[in-house]
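Single-structure report; data block below.
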Amino acid sequence: MKIGYPCINLSLDCRSSKTFRLASYSEERMRLCIDNNLGCLAKILQYNLKHDLMFFRITSDLVPFASHPVCSFPWQAVYATALGKLGEFIRSKGMRVAMHPDQFVLINSPHEDVFTRSVSELLYHAELLDLMGVDETAKIQIHVGGVYQAKAASIKRFIARYQTLPEKIKRRLVIENDERLYDIHDCLEIHQATSIPIVFDAFHFRCNNRGELIGTVFGKVNKTWRKSDGIPIVDYSSQDPAKRRGAHAASVNMPDMEVLLSALQGFNFDIMCEIKDKEKSALQIVSALRSF
DNA sequence: CCCTGTCAAGTCACG
DNA sequence: CGTGACTTGACAGGG
């Protein structure tokens, strides 16, 4: 079981998601930004190794505007060596990475242009991981998408669109249950038709479920991961008591976390800890697991 | 330096 | 109809 956190390390004085305004785009600016981001990613990975945080979500902003038409800069060729080195570090230390494209990536959108842009963005994610040389267990995780006032049709469109995706995307793409539109059962239905693995978001499951036992559901989710996909990914967060339903907590609630671990006892999975204070909560989980 | 309006991209829910 | 939320604030111009 590997423990990780998303995108940002608050203990370090750098960010791997530095970007700039489209209006100030230039090749020079791109280079400076990517240099900074890759350098920071290297620092984060070293920090993670030192603290036994063996799972990490790499920010989608690592290469700004990578899939935008304005980007004529051949980042793939220019940064192939640097990305290969980062990947070599990840592989040699037995770490796992994943990515989570943002909300604009919707492969089931009825709008063809939204779909086209989504594919470009997914290609960027896939190329980045490919250049790192990390294996198929390094996943690209998305939500199913919008409902568009017709859920069954939108699920069908997801499945049809998925079939047309390039292999380099398909081998990494996984779907995650969300907190209002598509629950685990919807994801399982899509899995039936596509064999796509399912990320189990424990917090979203809590917000959006059909009253079933978590252990039973996870048994099904567990089977959607083939050997080459690695062990399942579980996203974890807890409710911020002061905020609206679905709002992520500021720091980890350990008793809550232990309830989850007990419910999933006997399964093998990696945990992505989606808590506002990032590595701090992930570290608490690492130390709690040592004595669990 | 500090302040703050705005930033590539979509969709839904809430008021 | 405008705004916030989503995995994440932070860029950049003006005072």
Side-chain angles (χ1 to χ4, degrees), chain A residues 4-10 12-26 29-30 32-33 36-37 40-41 44 55-71 97-125 139-151 154 157-158 161 174-183 199 201-204 207-208 233-240 242-250 271-282:
Chain A
Y5 60 99
C7 309
I8 297 175
N9 181 306
L10 296 171
L12 296 173
D13 60 357
C14 70
R15 297 290 177 262
S16 59
S17 52
K18 212 170 143 57
T19 183
F20 50 88
R21 296 290 164 85
L22 185 56
S24 38
Y25 178 90
S26 72
R29 197 68 196 266
M30 278 292 273
L32 287 171
C33 217
N36 170 82
N37 292 350
C40 183
L41 179 57
I44 292 173
F55 188 24
F56 185 64
R57 180 183 297 163
I58 296 173
T59 176
S60 296
D61 289 333
L62 202 70
V63 179
F65 305 108
S67 74
H68 191 281
V70 79
C71 180
V97 292
M99 297 186 80
H100 193 331
D102 63 30
Q103 64 270 33
F104 314 109
V105 172
L106 293 159
I107 71 172
N108 78 343
S109 173
H111 305 107
E112 282 299 325
D113 55 333
V114 173
F115 173 64
T116 306
R117 280 196 296 272
S118 297
V119 174
S120 306
E121 181 70 358
L122 287 172
L123 265 179
Y124 149 63
H125 285 76
K139 294 304 185 190
I140 301 170
Q141 152 186 1
I142 58 171
H143 293 291
V144 176
V147 168
Y148 311 100
Q149 290 130 21
K151 194 162 173 181
S154 296
R157 197 178 318 107
F158 182 100
R161 289 271 187 63
V174 295
I175 49 172
E176 174 191 0
N177 57 308
D178 67 66
E179 82 279 28
R180 7 185 260 289
L181 309 177
Y182 292 96
D183 66 15
V199 169
D201 189 309
F203 184 42
H204 291 164
C207 300
N208 183 15
I233 294 173
V234 171
D235 280 3
Y236 172 77
S237 183
S238 51
Q239 175 68 42
D240 186 324
K243 295 195 179 155
R244 54 158 253 289
R245 202 177 88 106
H248 288 208
I271 302 178
M272 178 57 59
C273 173
E274 296 181 335
I275 304 269
K276 298 278 183 206
D277 66 3
K278 304 288 179 185
E279 79 284 356
K280 212 171 135 198
S281 284

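By convention in this document, chain letters (A, B, ...) are assigned in the order of the sequence lines, proteins followed by strands, and residues within each chain are numbered from 1. Since this is a predicted model, take the numbers as computed values, not measurements.
- Residues forming a ring-ring contact (aromatic ring centres under 6.0 Å, His included) with A:Tyr182 (at least two apart in sequence, or on another chain): none.
- Taking 4.0 angstrom as the limit, A:Lys276 places a side-chain polar atom (N or O) nearer than this to OP1 or OP2 of C:dT8.
- A:Thr59 comes within contact range of no nucleotide atom at all, as no heavy-atom separation falls under 4.0 Å.
- Separating the CE atom of A:Met30 from the C1' atom of C:dC11 is a distance of 16 Å, rounded to the nearest angstrom.
- Remark: A:Gln149 engages no residue in a side chain to side chain donor-acceptor pair (under 3.5 Å) (not counting sequence neighbours).
- For A:Phe158, there are no ring-ring contact (aromatic ring centres under 6.0 Å, His included) partners, not counting sequence neighbours.
- The CG atom of A:Leu41 sits 18 Å away from the P atom of C:dT8 (whole-angstrom rounding).
- Put simply, CZ on A:Arg29 is 12 Å from C1' on C:dA10, counting in whole angstrom units.
- In this structure, the salt bridge (Lys or Arg N to Asp or Glu O under 4.0 Å) partners of A:Asp183, at least two apart in sequence or on a different chain, are A:Arg210.
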query = How does protein reach along nucleotides 6-13 of chain B, written 5' to 3' as B (base within reach of a heavy atom under 4.0 Å), S (only sugar-phosphate), or - (no contact)?
reply = BBBBBSSS
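- In this structure, A:Ile8 places its CD1 atom 9 Å from C1' of C:dT7, rounding to the nearest Å.
- Side-chain N or O atoms of A:His143 include none that pairs as donor or acceptor with a backbone N or O of A:Gly145 at under 3.5 Å.
- The nearest whole Å value for the distance from the CG atom in A:Asp201 to the C1' atom in C:dC6 is 12 Å.
- Taking the P atom of each, C:dT3 and B:dG5 are spaced 13 Å apart, rounded to whole Å.
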ask   = According to the Watson-Crick and G-U wobble definition with distances under 3.5 Å, which dot-bracket string, read 5' to 3', encodes DNA chain B, using [ ] for crossing pairs and | for pairs with another strand?
value = |||||||..||||||
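- Taking atom C1' on both nucleotides, B:dT6 is separated from C:dG4 by 16 Å, rounded to a whole Å.
- One C1' atom belongs to C:dC6, the other to B:dA9, and the distance between them is 14 Å to the nearest Å.
- For A:Phe20, the ring-ring contact (aromatic ring centres under 6.0 Å, His included) test picks out A:Phe65, with sequence neighbours left out.
- Mapping A:Arg15 and A:Pro6 onto DNA chain C via the closest heavy atom, the residue that lands nearer the 5' end is A:Pro6.
- By the salt bridge (Lys or Arg N to Asp or Glu O under 4.0 Å) test, A:Lys151 is found to be paired with A:Asp186, residues two or more places apart in sequence or in another chain being considered.
- Across B:dC7 and C:dT8, the matching P atoms stand 22 Å from one another, rounded to whole Å.
- Between the CG atom of A:Leu10 and the P atom of C:dT8 there is a distance of 11 Å, given to the nearest Å.
- Between the side chains of A:Ser60 and A:His125, at least one donor-acceptor pair of N or O atoms lies under 3.5 Å.
- For the ring-ring contact (aromatic ring centres under 6.0 Å, His included) test with A:Tyr5, the passing option among A:Phe56, A:Phe55, A:Tyr236 is A:Phe56; the others fail.
- Residue contacts shown for A:Ser60 are absent, as no nucleic acid heavy atom lies under 4.0 Å away.
- A:Asn9 places its CG atom 14 Å from the C1' atom of C:dT8, with the value rounded to the nearest Å.
- Across B:dG10 and C:dA10, the matching P atoms stand 23 Å from one another, rounded to whole Å.
- Regarding A:His143, its NE2 atom lies at a distance of 16 Å from the P atom of C:dA5, rounded to whole Å.
- Atom P of B:dT11 sits at a distance of 24 Å from the matching atom of C:dG9, rounded to the whole Å.
- For A:Asp235, the salt bridge (Lys or Arg N to Asp or Glu O under 4.0 Å) partners two or more places apart in sequence, or in a different chain, are A:Arg57.
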